[in-house]
Amino acid sequence: MPKGIFNVPVAKNEPVKSYAPGSPERISLQAKLEELRSVEVEIPMIIGGKDVTTDRRIRIHPPHEISHTLGYYSQGDASHVQVAIDAALEAKASWANLAWQHRAAIFLKAADLLAGPYRDRINAATMLGQSKNAFQAEIDAACELADFFRFGVKCMTDIYKMQPESAPGQWNYNEFRPLEGFIFALTPFNFTSIAGNLPAAPAMMGNVVVWKPSKTAIYSAAVIMDIFREAGLPDGVINLIYVSGPVAADIVFEHPEFAGIHFTGSTGVFQEIWKTIGENIRKYRSYPRIVGETGGKDFIFADHTADPQALTIAMVRGAFEYQGQKCSAASRAYIPESLWDDVRQRLGRELATVKMGPPEDFTNFVNAVIDEASFDKLAGFIERAKTDQDAEVIFGGTCDKSVGYYIQPTVILAKRPDYITMTEELFGPVLTVYVYEDEKMDETLGLLDKTSLYALTGAVFSQNRYNIEKITKRLENSAGNFYINDKPTGAVVGQQPFGGARGSGTNDKAGSVFNMLRWVSIRTIKETFVAPLAYTYPGFLPDQE
């Protein structure tokens, strides 16, 4: 077989299209939205490359228009989980033995399919199924997922280049093997790119995967699977199943070939998964890799020198883009007393211009939250804040689920730094502000650090470089991604590797070599060219007479 040391195409971030009025991409996407709305699709599971349907058909509807039917998916059961594991293990040897450049080519092709012929479809599916506006869908579903694939290939080759030194007379080298067994990918609703990357990253490194997406993101997950298949991913490498979490867990975490989990979701679920794996540890062939990015109670902290307009825009964008349903979304803000009156007025003016409605209307900045359970939870916190003596709803606060799950962007003013909406992850369009006395900045930084169990993202706004340095150091363990004079959202693959610690996960930084390394097991080989022929060393020889 011909050999070569191959250079992969240079990884570059996919350019984000604007979808401005009259632009070709806007016209094209609007047509795709109309097309998808006009049909009801049947979405099968994909196991071992085969479409698998059941008689348990579950309806899919847009969160912003609950009366409209997009289609139905086939709900699976425990038997489908087992079949998916078997299919993955059957595909394992062939996939692991495939030359790395052919694995790379599949995901590079998938990236080009996303950026090209599938761009409208993946964006429209995300807009309709997850209620994302066009810009949020573009930066997530098309661009970031393409970035994950392209930079994933780069990371794969960078890892393969990690080789040890060799002393004279010997050659040392590392082999990067896929893990023994199968990987379980458990993916969230809020980012289509995460849903695609969590199964793809382990597969890229030669592993086989069982993938369970969120039930509220199956519509776009099916498109991702179509892309994988068109890109040439062999049957059984990634198996897509639609089952409940507990059903999947009962089979996956009992299986001796379980080799790892790639997870994004709630902290509580991740902790239970970790506990279950620990209890079953003697059952496994090897110690499973546990990689997870979980919750956040992300913050913005401003000092008295902060630019009030830049701060205001960061609060609006950071808290309310995609209805605050980002694990990185700004959920609490600490504003000095000397700035608050100005910032409050600016915030009110900006929020008065925000439009809310279905994403098919491209002028709507805010759309619906994902489902009724989320709506009810958020509405409950808002109603409580309206009556609590320790809080005040100063902007927004309207909730309506008669047509879709709409919650108006809401700002709560907390009179105590430990008020519940300052401490608990809400995952919705709710921002809580605490106003502190300027001279108590150091004390407030301590409160910020201790208020939440999470440490995902955070931002500081200041024009004082000494304060910027001081705050950055003081909050070094409070956020895995930290922003200076910018909102705490919008990490870009290849530029800001994403992940947090404490209650926010294992901080393995999706889209980077740090994450990809978790999906391989290293074998180091030493070859000696001229082997010794006696067991003694020179020091054992007798002195010369």
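Quick note: numbers below take in every heavy atom, side chains included, and nothing from hydrogens, waters or symmetry partners.
Considering all non-hydrogen atoms of both residues, Tyr406 and Pro358 come closest at OH-N, 3.2 Å. Closest approach of Phe498 and Ala491 over heavy atoms only: CD1-CB, 3.7 Å. When all heavy atoms are compared, the tightest approach of Ala134 to Phe362 is CB-CE2, 3.8 Å. For the pair Lys401 and Asp376, the tightest heavy-atom approach, listed with the atom from each and the gap, is NZ-OD1, 2.9 Å. Taking every heavy atom of both residues into account, Ile139 and Val16 meet most closely at CG2-CG1, 3.7 Å. Closest approach of Asp226 to Arg121, counting heavy atoms only: OD2-NH2, 2.5 Å.
Panel note: side chain Glu138, backbone Lys17; a donor-acceptor pair is recorded below 3.5 Å. Of the possible polar contacts, one joining the Glu425 side chain to the Gly296 backbone as a donor-acceptor pair under 3.5 Å is found. At least one donor-acceptor pair under 3.5 Å links the side chain of Asp140 to the backbone N or O of Thr192. Remark: the backbone N or O of Leu70 is not paired with any side-chain donor or acceptor of His61 at under 3.5 angstrom.
Side chain to side chain, Asn197 and His262 fail the donor-acceptor criterion of an N or O pair below 3.5 Å. At a cut-off of 3.5 Å, with distance as the only test, no side-chain donor of Asn367 or Ser131 sits close to an acceptor on the other residue. Under the 3.5 Å distance criterion, with hydrogens and angles disregarded, no donor-acceptor pair is assigned to the side chains of Thr294 and Ser504. Between the side chains of Gln130 and Tyr322, not a single donor N or O lies within less than 3.5 Å of an accepting N or O. Remark: the Lys509 side chain and the Asn481 side chain contain an N/O donor-acceptor pair separated by less than 3.5 Å.
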Stepwise side-chain hydrogen bond (donor to acceptor under 3.5 Å, both in side chains) test for Tyr19 and Asn123:
CA-CA 12 Å; Tyr19 296 89; Asn123 283 343; 3.3 Å; yes

Take Phe189 and Lys215 through the side-chain contact (heavy atoms from CB on, under 4.5 Å) test and state the conclusion after the steps.
CA-CA 8 Å; Phe189 78 85; Lys215 65 182 180 181; over 6 Å; no

Decide side-chain hydrogen bond (donor to acceptor under 3.5 Å, both in side chains) for Gln496 and Tyr483; before the verdict, give the C-alpha distance in whole Å, the side-chain angles of both, and the deciding distance to 0.1 Å.
CA-CA 10 Å; Gln496 300 98 24; Tyr483 298 78; 5.2 Å; no

Could you check Lys326 against Ser328 for side-chain hydrogen bond (donor to acceptor under 3.5 Å, both in side chains), going step by step and ending with a plain yes or no?
CA-CA 5 Å; Lys326 300 182 180 184; Ser328 58; over 6 Å; no

Show the numbers, then the answer: is there a side-chain contact (heavy atoms from CB on, under 4.5 Å) between Lys355 and Val366?
CA-CA 6 Å; Lys355 286 189 63 183; Val366 170; over 6 Å; no

Apply the test side-chain hydrogen bond (donor to acceptor under 3.5 Å, both in side chains) to residues Asp147 and Asn13: give CA-CA distance (whole Å), side-chain angles for both, the deciding distance (0.1 Å), then the verdict.
CA-CA 6 Å; Asp147 290 350; Asn13 294 111; 3.0 Å; yes

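Taking a 6.0 Å sphere around CZ of Arg317, one finds it holds 12 or fewer heavy atoms contributed by other residues, nucleotides or ligands. Annotation for Phe514: atom CZ does not count as buried by contact number, only 12 or fewer foreign heavy atoms lying within 6.0 Å. Atom CD of Gln101 has more than 12 heavy atoms from other residues, nucleotides or ligands within 6.0 Å. Atom NZ of Lys377 sits in a crowded spot, with more than 12 heavy atoms from other residues, nucleotides or ligands closer than 6.0 Å. For NZ of Lys92, the number of neighbouring non-hydrogen atoms (other residues, nucleotides, ligands) closer than 6.0 Å is greater than 12.
Proximity of Thr53 to Glu42: side-chain heavy atoms (C-beta onward) are nowhere separated by under 4.5 Å. Gln136 places a side-chain heavy atom less than 4.5 Å from the side chain of Glu321. A heavy-atom distance below 4.5 Å is found between the side chains of Val81 and Ile85.
Between Asp51 and Arg229 there is a salt bridge, since a side-chain N of the basic residue sits under 4.0 Å from a carboxylate O of the acidic one.
Atom CG in Leu114 sits 10.0 Å away from atom OG in Ser193 (nearest 0.5 Å). Rounded to the nearest 0.5 angstrom, Gln75 CD and Ile241 CD1 are separated by 10.0 Å. The distance from atom NZ of Lys212 to atom CG of Asn239, rounded to the nearest 0.5 Å, is 15.0 Å. Between the CD atom of Gln323 and the CZ atom of Phe427 there is a distance of 11.0 Å, given to the nearest 0.5 Å.
Relative orientation of the Phe228 and Phe107 rings is perpendicular, given thresholds of 30° and 60° on the angle between their planes. Ring geometry for Phe253 versus Phe258: interplanar angle over 60°, hence perpendicular rather than tilted (30 to 60°).
A cation-pi arrangement, defined by a distance under 6.0 Å to the six-membered ring centre and an angle within 45 degrees of its axis, is present between Lys132 and Phe191.
The aromatic ring centroids of His80 and Tyr242 lie 6.0 Å or more from each other.
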